[in-house]
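All residue numbers in this chain count up from 1 along the given sequence.
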Amino acid sequence: VQLQASGGGLVQAGGSLRLSCAASGIIFSMNAMSWYRQAPGKQRELVAVITSGGSTYYADSVKGRFTISRDNAKATAYLQMNSLKPEDTAVYYCRSSGRNAYWGQGTQVTVSS
């Protein structure tokens, strides 16, 4: 099983980034996909979830700014992040949840003020 997260980088406040999480080794369509983030000195927190049926959940801190989506044909989940703030700076991780749970390796997002 491999979850390959990509798309992080350095962006100014107010900017946008799109993260991708490409999965292999799992039946992607049957897994819920999540994005978490961990800022320095803080615990890892849930950012967004999309179920196998397409239902979504967002942390209050990102509602209205972030959008999670999935493309089952490409076995890829996405996190579109708009109106980024310095407090969004963190390592972002994707996670699959099905019969078992797996984590991706993380991608750094840095938002400058």
Side-chain angles (χ1 to χ4, degrees):
V1 176
Q2 187 172 18
L3 299 178
Q4 185 69 41
S6 62
L10 173 64
V11 64
Q12 287 188 330
S16 298
L17 284 173
R18 187 196 197 201
L19 306 184
S20 298
C21 176
S24 60
I26 59 173
I27 303 175
F28 183 82
S29 61
M30 296 181 67
N31 279 255
M33 297 299 296
S34 306
W35 287 96
Y36 287 74
R37 66 186 181 187
Q38 188 166 18
K42 294 188 177 181
Q43 289 189 329
R44 192 171 297 189
E45 63 175 355
L46 177 63
V47 175
V49 180
I50 184 165
T51 68
S52 58
S55 299
T56 57
Y57 162 86
Y58 297 94
D60 287 344
S61 58
V62 305
K63 277 182 183 176
R65 300 189 297 123
F66 291 11
T67 302
I68 190 170
S69 62
R70 64 190 296 153
D71 185 336
N72 289 340
K74 295 182 178 180
T76 301
Y78 304 97
L79 186 68
Q80 178 66 45
M81 306 186 295
N82 298 330
S83 302
L84 282 161
K85 304 175 181 180
E87 51 263 45
D88 295 318
T89 295
V91 178
Y92 284 70
Y93 299 88
C94 59
R95 181 177 186 262
S96 65
S97 303
R99 182 181 295 273
N100 298 296
Y102 299 97
W103 290 94
Q105 86 287 4
T107 184
Q108 176 71 47
V109 172
T110 303
V111 184
S112 63
S113 57

Test item: D71 side-chain N/O and K74 main-chain N/O as donor-acceptor pair under 3.5 Å = yes

ask   = Between the side chain of Q105 and the main-chain N/O of A5, is any donor-acceptor distance below 3.5 Å?
value = yes

Least distance between heavy atoms, [X] atom then [Y] atom:
X    : Y   : result
V109 : G8  : CG2-CA, 4.1 Å
A23  : I26 : CB-CD1, 3.9 Å
L17  : G7  : CD2-O, 3.8 Å
Q38  : K42 : NE2-O, 3.1 Å

ask   = Which ring pair (Phe, Tyr, Trp, His ring centres under 6.0 Å) pairs, counting each pair once, include a residue from residues 41-87, with sequence neighbours left out?
value =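 Sorted pair list comes back empty.
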
task = With sequence neighbours excluded, give me every ring pair (Phe, Tyr, Trp, His ring centres under 6.0 Å) pair touching residues 88-113.
result = Y36-W103

ask   = If you measure from the Lys or Arg side-chain nitrogens to the Asp or Glu carboxylate oxygens, is any gap between D88 and K85 under 4.0 Å?
value =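 Answer for the salt bridge query: no.
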
Quick check: do [X] and [Y] have side-chain heavy atoms less than 4.5 Å from each other?
X   : Y    : result
L19 : T107 : yes
T67 : L79  : no
S16 : M81  : no
F28 : R70  : yes
L3  : S96  : yes

query = With distance as the sole criterion, is a donor-acceptor pair present between the side chains of R95 and S97 under 3.5 Å?
reply = yes

request  = Output every pair passing disulfide (SG to SG under 2.5 Å) with a member in residues 47-113, not counting sequence neighbours, ordered by first then second residue.
outcome  =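 Of all non-adjacent pairs touching residues 47-113, those that pass disulfide (SG to SG under 2.5 Å) are C21-C94.
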
query = Sequence neighbours excluded, which residues qualify as salt bridge (charged side-chain N to carboxylate O under 4.0 Å, His left out) partners of E45?
reply = R37

message = Which residues pass the salt bridge (charged side-chain N to carboxylate O under 4.0 Å, His left out) test with R44, not counting sequence neighbours?
response =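 R44 satisfies salt bridge (charged side-chain N to carboxylate O under 4.0 Å, His left out) with no other residue.
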
[X] side, atom [atom1]; [Y] side, atom [atom2] - distance, nearest 0.5 Å:
X   : Y   : atom1 : atom2 : result
L46 : S61 : CG    : OG    : 9.5 Å
I50 : N31 : CD1   : CG    : 12.5 Å
S24 : Q2  : OG    : CD    : 5.0 Å
M30 : S52 : CE    : OG    : 7.5 Å
N72 : M33 : CG    : CE    : 10.0 Å

request  = Output, in order, the C-alpha distance, side-chain angles, deciding distance and verdict of side chain to side chain donor-acceptor pair (under 3.5 Å) for S6 and Q4.
outcome  = CA-CA 7 Å; S6 62; Q4 185 69 41; over 6 Å; no

message = Starting from L10 and following side-chain heavy-atom contacts under 4.5 Å between hydrophobic residues (I, L, V, M, F, W, Y), which residues can be reached?
response =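 Members besides L10: none; it forms no cluster.
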
